[in-house]
> 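Dropping a structure here in structure tokens format, bear with me for questions.
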Amino acid sequence: MPLPSEPLRKLGFLTIGLFDGADPRSGHESTLEIIELGERLGFDSAWVRHRHLQYGISSPVAVLAAASQRTSRIELGTAVIPLGWENPLRLAEDLATVDILSGGRLNPGVSVGPPMHYEQVKHALYPDTADAEDFGHDRVARLLDLVRGEPATAFSGAEGFEVFSDRVQPHSPGLGGRMWYGGGSLRSARWAGEHGMNFLTSSVVKAEESEDFAEIQLSHVRAFRAHHPDGARARVSQGLVVIPTDSATADQRAKYEAYARQRRPRTAEPQGPARLMFAPDLVGTSNEIAERLYSQAAFREIDEVAFALPFTFEHDDYVQILTDIATRLGPALGRPAPAANAGDRPR
């Protein structure tokens with residue numbers, strides 16, 4: 001097995017938080033239990049996806065507020081909040097509030113672009129301003145300024161018994177340095193670097209100068225760091241779907257292999273008008289997955305990961321996958337194994 005240039009420094013995971021529309025509470029509770037398990041297993045971070053008008057987490061900030069009260073150490077992130085659905089000022093207030101409640105553990109990841117199926121949803125989302133909304137990088141810049149404490153208004157001071165601030169309250173001083181940009185193009189990578197953000201690479205990128213996924217991802221990492229004030233020390237986290245099978249049952253292994261096989265055709269060539277490239281899911285023993293990861297040039301240049309849990313699996317499957325990542329794959333990537341008493345609580 002090739003040796004890494006340096007051990008993995010931060011080990012995280014990402015979940016979509018699916019639920020049954022007829023019983024949404026149990027799905028949200030499962031997500032919170034998985035985050036609690038992640039903390040007990042020694043993960044450095046837990047991230048949640050964001051889905052609107054679907055049966056996945058639509059309000060990750062609210063879910064992470066709940067998670068902040070059920071954990072004490074693990075960092076909590078969003079990967080990612082699509083800003084086309086958000087008012088930057090209101091989102092800045094929510095993010096700062098949850099960061100304060102968590103003791104400074106929030107890692108908000110955001111992205112830009114029009115909301116999905118915008119023509120169908122714009123009349124509900126922006127009934128009066130649908131054609132005037134700007135869904136580009138300026139929306140992120142507004143959020144960054146507000147989170148970092150720039151004035152939101154020219155008015156401040158006392159008015160009767162009430163006192164007003166000219167910047168978002170509460171203000172969480174360290175939050176500005178924990179803002180992440182989820183990007184899949186060279187332009188986004190450069191922009192995130194120029195604006196001092198951290199960078200989330202994912203399992204989906206745009207085929208711009210190449211049709212080789214690992215080569216594309218490496219170009220994004222290097223472009224981001226080339227434009228970031230911190231250069232090679234700028235934080236990058238890689239997100240790929242990994243499914244270790246070390247402790248899986250025969251039925252689980254068959255399900256995991258079928259899942260990856262069904263999704264494999266989309267990894268062969270660019271998909272759709274946007275020419276999106278998808279990374280293959282990595283299924284196998286932890287040693288096999290580690291070897292495949294070390295063979296990727298992009299992985300060898302990062303020291304943080306947020307491995308994505310697959311869609312549509314059961315709670316027990318996620319427990320097995322997370323446990324194997326923490327106890328088998330993490331050590332194979334240079335992370336120490338968790339304490340012997342770490343594990344899942346009975347459901």
Side-chain angles (χ1 to χ4, degrees), residues 14-19 21 24 27-28 31 46-68 76-99 101-102 106-148 150 152 168 172 175-176 178-185 187-188 191-192 195 197-206 239 272-274 276 306 308 311:
L14 166 65
T15 179
I16 192 173
L18 293 179
F19 58 85
H28 284 77
T31 296
W47 303 72
V48 293
R49 291 189 186 271
H50 199 150
R51 290 292 185 268
H52 287 295
L53 303 179
Q54 298 182 55
Y55 301 103
I57 294 172
S58 62
S59 183
V61 180
V63 171
L64 294 183
S68 76
L76 305 168
T78 62
V80 288
I81 297 173
L83 288 187
W85 295 79
E86 305 289 341
N87 178 295
L89 193 152
R90 277 291 301 116
L91 180 59
E93 292 176 328
D94 288 346
L95 295 177
T97 299
V98 176
D99 195 47
L101 291 173
S102 71
L106 192 64
N107 283 257
V110 300
S111 66
V112 299
M116 187 179 293
H117 303 302
Y118 188 52
E119 287 303 312
Q120 287 72 43
V121 76
K122 66 181 183 181
H123 299 296
L125 185 60
Y126 298 115
D128 301 315
T129 61
D131 296 329
E133 293 293 333
D134 176 13
F135 298 123
H137 287 125
D138 285 349
R139 210 176 186 94
V140 189
R142 286 168 55 202
L143 177 66
L144 286 177
D145 285 346
L146 293 165
V147 165
R148 291 170 176 171
E150 294 297 320
V168 165
S172 188
L175 182 58
R178 283 179 270 112
M179 298 293 295
W180 295 76
Y181 188 90
S185 69
R187 178 171 176 262
S188 290
W191 191 94
H195 289 78
M197 300 186 75
N198 306 306
F199 190 58
L200 290 166
T201 68
S202 75
S203 56
V204 185
V205 296
K206 287 187 177 181
L276 299 179
F311 294 174

> Got a donor-acceptor contact below 3.5 angstrom from the Thr15 side chain to the Val48 backbone?
no
> So, for Val112 and Gly136, which heavy atoms are closest and what is the spacing to 0.1 Å?
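Scanning both residues completely, I find the closest heavy atoms to be CG1-O, 3.6 Å.
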> Do the side chains of Val147 and Val168 get nearer than 4.5 Å, heavy atoms only?
no
> Between the side chain of Ser102 and the main-chain N/O of Asp99, is any donor-acceptor distance below 3.5 Å?
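Such a contact is found between Ser102 side chain and Asp99 backbone.
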> Are Leu83 and Phe135 side-chain neighbours, meaning at least one heavy-atom pair lies under 4.5 Å?
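No, too far: nothing below the 4.5 Å cut-off.
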> Do the non-hydrogen side-chain atoms of Val80 and Tyr181 ever get within less than 4.5 Å of each other?
no
> Looking at Ser188 and Gly183, what are the two nearest heavy atoms and their distance?
CB-CA, 4.1 Å
> Can you tell if the side chain of Asn198 reaches within under 4.5 Å of the side chain of Met179, non-hydrogen atoms only?
no
> Describe, in one word, how the ring planes of Trp47 and Trp180 are oriented to each other, choosing from parallel (under 30°), tilted (30 to 60°) and perpendicular (over 60°).
perpendicular
> Do side-chain atoms of Thr129 reach the backbone of Ala132 as a donor and acceptor pair under 3.5 angstrom?
no
> List in chain and number order the residues that pass side chain to side chain contact (heavy atoms under 4.5 Å, CB included) with Arg90, two or more places apart in sequence or in another chain; answer none if no residue qualifies.
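For Arg90, the residues satisfying side chain to side chain contact (heavy atoms under 4.5 Å, CB included) (neighbours in sequence not counted) are Asn87, Glu93, Asp94.
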> Identify the two heavy atoms, one from Leu125 and one from Gly84, that lie closest to each other, and give their separation to 0.1 Å.
CD2-O, 3.9 Å
> Determine whether Arg187 and His137 make a side-chain contact, defined as any pair of heavy atoms from C-beta on separated by less than 4.5 Å.
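Yes, their side chains come closer than 4.5 Å.
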> Tell me the closest heavy-atom pair linking Ala79 and Leu200, and the distance in Å.
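In this case the closest contact between Ala79 and Leu200 is CB-CD1, 4.2 Å.
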> Do the non-hydrogen side-chain atoms of Pro108 and Leu143 ever get within less than 4.5 Å of each other?
no
> Within the structure provided, determine whether Leu64 and Leu106 are in side-chain contact (heavy-atom separation under 4.5 Å).
yes
> State, with a plain yes or no, whether a side-chain heavy atom of Val110 is found less than 4.5 Å away from one of Met197.
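With C-beta onward as the side chain, the pair touches.
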> Which heavy-atom pair separates Leu146 from Ala152 by the least distance, and what is that distance?
CD2-CB, 3.6 Å
> Starting at CG of Leu95, measure out to CD1 of Ile81 and round the result to the nearest 0.5 Å.
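One finds 5.5 Å between CG of Leu95 and CD1 of Ile81.
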> How many angstroms lie between atom OH of Tyr126 and atom OH of Tyr118, to the nearest 0.5 angstrom?
7.0 Å
> Please enumerate all residues that pass salt bridge (Lys or Arg N to Asp or Glu O under 4.0 Å) together with Glu150, with sequence neighbours excluded.
none
> So that I can tick it off, tell me whether Glu133 and Lys122 are bridged by a salt bridge, with the cut-off set at under 4.0 angstrom between side-chain N and carboxylate O.
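No, this pair does not count.
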> Check Ala141 against Trp191 and note the closest heavy-atom contact, atom names and distance.
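Closest heavy-atom pair between Ala141 and Trp191: N-CH2, 4.0 Å.
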> Quick one: side chains of residues 49-61, donor-acceptor pairs under 3.5 Å with protein atoms, not counting sequence neighbours, listed by atom name and distance.
| residue | atom | partner | partner atom | Å |
| --- | --- | --- | --- | --- |
| His50 | NE2 | His52 | NE2 | 3.0 |
| His50 | NE2 | Ser58 | O | 3.0 |

